[in-house]
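Worksheet: the structure to be examined is printed underneath.
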Amino acid sequence: MPTHNQLSAAEQALQERLQQHSAKQPSPLTWTQLQTRRSKSAKPFYPWALAATVAMLVWFSFSTSPVTAPSTTATPMLLAEHYQLDALDQRIQQAYLRGANAIEIDTLWAQRERLTQAIQSPRSSL
Amino acid sequence: MSTGFGKILDAAIVQLAQQGRADGQRQFFETYHTAVYRLMLGLCRDPQLAQDLSQEVFIKAFAKLKQLRDTAAVGGWLKQLAVNTALAEMRKPIREYSQDLSNEPLEDSHPASLEQSDWLSQIDDIEQLLDVLDQHERQLVWLYLVEGYNHEELAQWFAVPAATVRQRYHRALKKLQQGVIHANP
């Protein structure tokens, strides 16, 4: 911030008036509006889920690792979990938009964390 | 006077926001949204545009927050992001300002009273006085006097020499002083 010993008296007066003027401007922003805008600008998840599924199918088709169960059982599980994750994200967004209480929101976040860990954990069947 | 970006946000909250936790992001938002909005309004003067740009700043902030290493500097980091966003939105080619300077000679002399601390005492509406400035001049005045950037920093923002920033800033002050004369003949 330009210190007062650097500014002329006229500049100091202008600075003070501008700061006073700025301080009177309330912010119209709300968290709910921001969440609404974020959810509108968020890219659809489904294309990513499809791309991930295709990549997994290609990987499984070239995999030489021993398979104790039919390989097709892992891919639908991964796809289903990603769809669950997307649905859960939508529920979280809706909870914020309708002003859900903290307990409900925390519960949803905890579910999301468990689901994320389940997706990321290595699968013994592979 | 603090512009609001100096508010301290607990490092744990910043980390929650960096992890994408909505509770952390919300606290981050609630702490700084007023400062961001006032900065945007000061630069663009349009409440609706200021609101849109402010939301854009937070969306970008949540996407980039992981890049922030020093959580204690989150206010300054957000302020830089906000200024970048505003200037990118409102940027005009520099050559337009060069033409403005050569075509609008300003009176070099004015009453000594306008150099005093009470030169604005007859001005009720500071916003109306600011109308005499173009967008770039207002940005310079606002960023220098209200947001605390120095001329060298502004020179980097606008990609011009610091001497040019000083010249334009002092020209803006002269225009404001002439505005006071015209408002109170």
Side-chain angles (χ1 to χ4, degrees), chain A residues 1-4 6-43 85 88-97 99-113 116-117, chain B residues 1-4 6 20-23 25-27 29-30 32-42 47-48 50-52 54-59 62-63 113-121 123 125-127 129-130 141-142 144-151 169-170 172-173 176-177 180:
Chain A
M1 178 75 69
T3 57
H4 277 194
Q6 296 172 342
L7 300 178
S8 65
E11 285 175 290
Q12 288 178 34
L14 179 58
Q15 181 185 55
E16 193 173 325
R17 279 295 292 271
L18 291 176
Q19 287 173 343
Q20 286 172 356
H21 176 68
S22 180
K24 291 178 188 170
Q25 311 303 320
S27 167
L29 302 174
T30 66
W31 176 246
T32 303
Q33 286 174 345
L34 182 63
Q35 289 295 87
T36 302
R37 180 164 172 160
R38 287 176 81 189
S39 59
K40 283 179 184 173
S41 62
K43 293 178 183 175
L85 189 60
L88 193 49
D89 280 341
Q90 294 293 323
R91 286 177 62 193
I92 292 172
Q93 292 282 2
Q94 290 303 315
Y96 276 106
L97 288 172
N101 62 41
I103 295 174
E104 181 181 350
I105 290 176
D106 285 346
T107 303
L108 289 170
W109 276 110
Q111 287 178 17
R112 191 185 193 281
E113 195 161 348
T116 305
Q117 286 172 358
Chain B
M1 179 186 298
S2 168
T3 59
R21 285 279 299 266
D23 46 1
Q25 289 180 345
R26 180 167 190 171
Q27 286 207 248
F29 169 81
E30 298 292 359
Y32 294 115
H33 74 88
T34 300
V36 171
Y37 177 75
R38 286 175 178 169
L39 168 60
M40 292 310 188
L41 188 61
Q48 187 57 57
Q51 190 171 349
D52 288 343
S54 299
Q55 289 177 344
E56 190 177 323
V57 167
F58 281 101
I59 291 172
F62 293 147
S113 58
L114 293 181
E115 297 292 347
Q116 304 307 312
S117 59
D118 61 350
W119 69 291
L120 293 169
S121 59
I123 299 296
D125 187 349
I126 193 70
E127 271 290 340
L129 179 63
L130 292 172
V141 169
W142 196 271
Y144 183 72
L145 288 180
V146 181
E147 299 297 339
Y149 290 104
N150 59 40
H151 291 141
Y169 168 74
H170 285 291
L173 288 184
L176 289 172
Q177 286 163 336
V180 170

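Letters A, B, ... are given to chains in the order of the sequence lines, protein chains preceding strands, and every chain is numbered from 1. Atoms considered below: every heavy atom in the structure, side chains included; atoms not considered: hydrogens, waters and symmetry mates.
Contact of the Arg17(A) side chain with the Ile123(B) side chain is registered, since non-hydrogen atoms from C-beta on lie closer than 4.5 Å. Leu145(B) is listed as a side-chain neighbour of Leu7(A), based on a closest heavy-atom distance under 4.5 Å.
Side chain of Trp119(B) to main chain of Ala10(A): a donor-acceptor pair is present (N/O by atom type, distance under 3.5 Å, no hydrogens or angles). A donor-acceptor pair under 3.5 Å links the side-chain atoms of Arg38(B) to the main chain of Ala23(A), judged by distance alone.
If you measure heavy-atom distances from Leu41(B) to chain A, the contacts under 4.5 Å come from the side chain alone. In this structure, chain A has heavy atoms under 4.5 Å from both the backbone and the side chain of Ile126(B). In this structure, the portions of Gln25(B) lying under 4.5 Å from any heavy atom of chain A include both its backbone and its side chain. Heavy atoms closer than 4.5 Å to chain A are found in the side chain of Leu176(B), but not in its backbone. Looking at Leu130(B), only its side chain comes within 4.5 Å of chain A, counting heavy atoms on both sides.
For the atom pair Leu34(A) CG and Glu30(B) CD, the distance stands at 9.5 Å (nearest 0.5 Å). The CG atom of Leu18(A) sits 10.5 Å away from atom CD of Glu147(B), with the distance rounded to the nearest 0.5 Å. Interatomic distance, Ile105(A) CD1 to Arg26(B) CZ, rounded to the nearest 0.5 Å: 7.5 Å. Rounding to the nearest 0.5 Å places CH2 of Trp142(B) at 9.0 Å from CD of Gln19(A). The CD atom of Gln33(A) lies 6.0 Å from the CD atom of Gln55(B); values are rounded to the nearest 0.5 Å.
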Report task. In sequence, state the C-alpha distance, the side-chain angles, and the governing distance for Phe29(B) and Gln35(A), and then conclude on side-chain contact (heavy atoms from CB on, under 4.5 Å). Result -> CA-CA 11 Å; Phe29(B) 169 81; Gln35(A) 289 295 87; over 6 Å; no
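When all heavy atoms are compared, the tightest approach of Tyr37(B) to Pro26(A) is CE2-O, 3.5 Å. The two residues Leu29(A) and Ser54(B) have their closest heavy-atom pair at CD1-CB, 3.4 Å.
Ring orientation note: the planes of Trp31(A) and Phe62(B) are nearly perpendicular, at an angle over 60° on the 30°/60° scale.
Scored by the side-chain contact (heavy atoms from CB on, under 4.5 Å) test, Glu56(B) finds Arg37(A), Leu53(B), Lys60(B), Thr85(B) as partners (sequence neighbours excluded).
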